Number of protein chains: 2
Amino acid sequence: MTTVLESATLGLVTPDTRSDTRRRMIHGAARAIGTRGVGAMSLRDLAKEAGVPLGSTYHHFPGGKAQLAEEAVTSTGRRVAKLVESAREQGIDGAIAAFTRVWRELLVETDFRTGCPVLAVATGDDPELTETARGIFASWQDLMVAGLVDGGVPAERAPGLARMIVASLEGAVAVSRAERSLEPLDQVSAELITLVQAARS
Amino acid sequence: MTTVLESATLGLVTPDTRSDTRRRMIHGAARAIGTRGVGAMSLRDLAKEAGVPLGSTYHHFPGGKAQLAEEAVTSTGRRVAKLVESAREQGIDGAIAAFTRVWRELLVETDFRTGCPVLAVATGDDPELTETARGIFASWQDLMVAGLVDGGVPAERAPGLARMIVASLEGAVAVSRAERSLEPLDQVSAELITLVQAARS
DNA sequence: GTCTATACGAAGATAGAC
DNA sequence: GTCTATCTTCGTATAGAC
């Protein structure tokens, strides 16, 4: 059984999801952040959705809202990184496609109401969360760099292209939300494939 | 002198800035939205920064927070559109450079604390503001389409490229904020120039 | 017409009953 | 250990004094 002490002392070292409640709250928090941003995310709503009293939030997350937001964003970062990493077997095009698919499915699932929670905290004003976002963007870019180099893109062009891939798809998710259409995301994804293709030769 | 009646009846038709106070509050609102998002924007803070009592906010903006946010975002949209439109004399590269420069200067001015307010409302959960963001993105994309076609890009490729330009630079501003560096924005801008160049031939 | 004072609700967080 | 009830703060909005 998870104790308060364990959560408090091991939380940052092993930010896994030890209980169903924790898992549900982290998932709900990621959704809420992607939908409304951290500021407008309400712990009351999250607790209600997870079916637990508000007070329990502070049992599972002694650090309160800050800890929950942090874990929600890092959890999303790791999950997406794993999907992209797996798809690297199909080359850089596969990695781009996998990254695109994550956001595509999120947009469809939520009827364009929810976007990337990492972008949300990157555009917020909490310095700690901004730093977390930086690290996650960096990890995604590193995966793309590896894929690009494997795919025959010159090493000196790879970092710029990797930034382009992450930044443009993050922006495309936002534009797709505004337009309530998958077209922006799909078009950007297609443009990226041609851009990478051109960089190969 | 501006009356409440005029503001209420003409607000949406002629959303100009009739007084210094209005101007200052709209400017402050745009900054706050770009920094923290609409939800975390406080009318108290805005009034304090503008040097007016909180109550005066509702004299100048009878529609309250919603009206102020709406005017702040549309004001930014028009201002940026004008800058891009002017730069189209220097071709599509000039338009991309102008769009890049707007956000570059904002990031430097605010030490990476403030991004594009249009992206902020596009990633928020207010449907009215999301629709406003859609219209502004569309206006920017239309300008890019015109520039691309003028620059010799085939008409059928122009819309996709225009979306790519707007989406990738919007995303790049967010990544630049997270990294506290202009490198992402500048690299994306450079990649866009090469992408457009390739599309010309 | 301008601004002070306040109403009212919702937020995060916590104390303490069980 | 879990959850109820509450504390404090801060948000938007407004009523009414001047």
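Throughout, protein chains are lettered first and strands after them, A, B, ... in sequence-line order, and every chain is numbered starting at 1. Here the structure is a predicted model, which is why all the values come from computation and not from measurement.
- Residue A/Arg36 contributes atom CZ, which lies 17 Å from atom C1' of D/dG11 at whole-angstrom precision.
- For the pair A/His60 NE2 and D/dC3 C1', the computed distance is 11 Å after rounding to whole Å.
- One finds no side-chain N or O of A/Ser56 lying less than 4.0 angstrom from the OP1 or OP2 phosphate oxygen of D/dT2.
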Requested in this report: Do nucleotides 5-18 of chain C as a string where each nucleotide becomes B, S or -: B if the base has a protein heavy atom under 4.0 Å, S if just the sugar-phosphate does, - if no protein is that close.
Outcome: -B----BBBB----
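- The nearest pair of heavy atoms linking B/Ala29 to B/Ala72 is CB-CB, 3.7 Å.
- Taking both residues in full, the closest heavy atoms of A/Trp140 and A/Cys116 are given as CH2-SG, 4.2 Å, listed atom of the first, atom of the second, then distance.
- With hydrogens and angles ignored, the 3.5 Å screen pairs no side-chain donor or acceptor of B/Arg163 with any backbone N or O of A/Ala172.
- Sorted by first and then second residue, the pairs that involve residues 83-101 of chain A and meet salt bridge (charged side-chain N to carboxylate O under 4.0 Å, His left out), not counting sequence neighbours, are A/Glu85-A/Arg88, A/Arg88-A/Asp150, A/Asp93-A/Arg200.
- Comparing C/dT2, D/dG1, D/dC3 by their closest approach to the side chain of B/His59 singles out C/dT2.
- Counting only N and O atoms by type, the side chains of B/Glu183 and B/Ser176 include no donor and acceptor under 3.5 Å apart.
- By the 4.0 Å N-to-carboxylate-O rule, B/Glu71 lies too far from B/Arg78 to be salt-bridged with it.
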